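Okay, structure first, notes after.
Just so it is clear, the structure is predicted and the values come from calculations on it, not from any experiment. For the single chain, residues carry numbers from 1 onward in sequence order.
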Amino acid sequence: MCSHTLVRGGTCMEEIKIKALRDEGVIPETTYRLLCKLIKLKEDESKQKKRRLWVSTTLVSLYTFFVFYLFFIKLSGLTVLDPMRSVSTDPVILCFGLLCILIHFIWVSARNKYEEAKGDFDDLRKEMIDRYEELWFKQIDQNGKDEALRFLNDEKDINLYHK
């Protein structure tokens, strides 16, 4: 939901700032709702990206340890016929092999969830950029709109200036 500790009434402080701009008449209601949804999609994308990175790091570490164990510990000093029998009967190698396969499937799932979250965020962001004139009031004073866009760009890493 909200990645910050400052929460008032279940709403992020960033959403309170956006809400204040809406209450001042700078942001229309439809734009406010889309911005809140966009912030939540960005937070979900960031969460999935961290998850994907953690699983990737785990998988690479596991593969590295598996290869090191297999070639430098288990197979060193064995004769030509012994490696197959030794590898197939070693419970450590079987456990690491199964663990590698399991973590690989978790990694594929994490990658797919990240791609889906990134796609949802990018689609909404591009739609908001395409509907710029419709979503923002035509104002003589652009300071409020610029403040909202600058806030999203600086604080939430959401660029609504261009695709």
Side-chain angles (χ1 to χ4, degrees), residues 1-70 94-163:
M1 171 127 186
C2 182
S3 61
H4 301 286
T5 57
L6 298 175
V7 176
R8 183 184 303 162
T11 312
C12 295
M13 293 305 284
E14 287 82 10
E15 291 176 14
I16 291 172
K17 181 170 179 134
I18 299 287
K19 185 177 182 184
L21 291 171
R22 180 201 61 186
D23 293 343
E24 292 172 8
V26 176
I27 299 175
E29 181 65 31
T30 304
T31 305
Y32 168 75
R33 284 186 275 132
L34 286 173
L35 288 175
C36 288
K37 184 174 182 179
L38 191 65
I39 289 171
K40 286 180 180 153
L41 288 173
K42 180 63 176 183
E43 289 172 353
D44 184 46
E45 179 202 15
S46 297
K47 182 179 90 174
Q48 295 299 333
K49 186 175 185 177
K50 287 176 187 175
R51 181 175 179 253
R52 184 190 67 166
L53 179 64
W54 183 83
V55 172
S56 297
T57 303
T58 302
L59 187 61
V60 168
S61 300
L62 193 61
Y63 278 147
T64 302
F65 186 75
F66 180 68
V67 168
F68 178 80
Y69 178 80
L70 182 64
L94 294 176
C95 287
F96 270 110
L98 293 174
L99 192 58
C100 286
I101 291 169
L102 176 69
I103 298 292
H104 181 79
F105 284 119
I106 292 171
W107 178 79
V108 168
S109 172
R111 184 192 65 195
N112 290 341
K113 286 181 182 177
Y114 169 71
E115 292 297 327
E116 183 180 327
K118 183 175 175 25
D120 291 345
F121 169 74
D122 284 340
D123 290 344
L124 183 58
R125 188 182 70 82
K126 288 175 184 176
E127 179 184 345
M128 289 187 73
I129 292 170
D130 289 341
R131 295 175 53 198
Y132 179 81
E133 294 295 324
E134 177 186 339
L135 293 174
W136 296 96
F137 290 129
K138 293 184 180 184
Q139 302 168 337
I140 296 172
D141 181 19
Q142 298 289 324
N143 291 336
K145 182 176 19 174
D146 291 338
E147 180 183 352
L149 293 176
R150 192 173 30 256
F151 165 75
L152 289 170
N153 192 38
D154 295 343
E155 298 294 324
K156 300 304 270 175
D157 195 28
I158 299 173
N159 182 355
L160 291 178
Y161 291 110
H162 57 81
K163 293 181 187 179

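No more than 12 heavy atoms of other residues, nucleotides or ligands lie within 6.0 Å of CZ in Phe105, so this atom counts as exposed by the packing criterion.
At least one side-chain heavy atom of Leu152 sits under 4.5 Å from a side-chain heavy atom of Ile39. Side-chain contact between Ile158 and Phe121: present, with at least one pair of heavy atoms (C-beta onward) separated by less than 4.5 Å. Looking at heavy atoms from C-beta onward, Leu102 lies out of side-chain contact with Leu98 at the 4.5 angstrom threshold. With contacts defined as side-chain heavy-atom distances shorter than 4.5 Å, the pair Tyr114/Lys50 does not qualify. Contact of the Leu160 side chain with the Leu38 side chain is registered, since non-hydrogen atoms from C-beta on lie closer than 4.5 Å. Counting heavy atoms from C-beta on, the side chains of Glu45 and Gln48 never come closer than 4.5 Å.
For the side-chain contact (heavy atoms from CB on, under 4.5 Å) test, residues two or more places apart in sequence or in another chain that qualify with Phe65 are Phe96. Applying the salt bridge (Lys or Arg N to Asp or Glu O under 4.0 Å) test to Asp157 and every residue at least two apart in sequence or in another chain returns Lys42. Taking the side-chain contact (heavy atoms from CB on, under 4.5 Å) definition, one finds that Asn112 meets it with Val108, sequence neighbours left out.
Ion pairing between Asp23 and Lys19 fails under the 4.0 Å rule for side-chain N and carboxylate O. A salt bridge links Arg131 and Glu127; the closest N-O separation between the charged side-chain nitrogens and carboxylate oxygens is under 4.0 Å. The existence of a salt bridge linking Lys156 and Glu43 is confirmed by a sub-4.0 Å separation between a basic side-chain nitrogen and an acidic carboxylate oxygen.
Taking all atoms of both residues into account, the shortest heavy-atom contact from Val60 to Thr64 is O-OG1, 2.7 Å. Scanning all heavy atoms of the two residues, the minimum distance from Asp44 to Ala117 falls at OD2-CB, 3.6 Å. Shortest non-hydrogen contact noted between Ala148 and Ile27 is CB-CD1, 4.0 Å. Between Asp146 and Tyr161, the shortest heavy-atom distance links the atoms O-OH, 4.1 Å. For the residue pair Asn159 and Arg125, the shortest heavy atom distance occurs at O-NH1, 2.8 Å.
Taking OH of Tyr132 as the start and OG1 of Thr31 as the end, the distance is 10.5 Å to the nearest 0.5 Å. Atom OG in Ser56 sits 12.0 Å away from atom CD1 in Ile106 (nearest 0.5 Å). How far CZ of Arg22 is from CZ of Arg33: 9.5 Å, rounded to the nearest 0.5 Å. A distance of 9.5 Å separates CG of Leu41 from CG of Asp123, quoted to the nearest 0.5 Å. Taking CG of Leu62 as the reference point, atom OG1 of Thr57 lies at 12.0 Å (rounded to 0.5 Å). Going from atom CG of Leu149 over to atom CE of Met128 covers 8.5 Å, rounded to the nearest 0.5 Å.
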Could you check Lys118 against Asp122 for salt bridge (charged side-chain N to carboxylate O under 4.0 Å, His left out), going step by step and ending with a plain yes or no? CA-CA 6 Å; Lys118 183 175 175 25; Asp122 284 340; 3.4 Å; yes

For Phe151 and Leu21, run side-chain contact (heavy atoms from CB on, under 4.5 Å): C-alpha distance rounded to whole Å, both residues' side-chain angles, the deciding distance at 0.1 Å, then the answer. CA-CA 11 Å; Phe151 165 75; Leu21 291 171; 6.0 Å; no

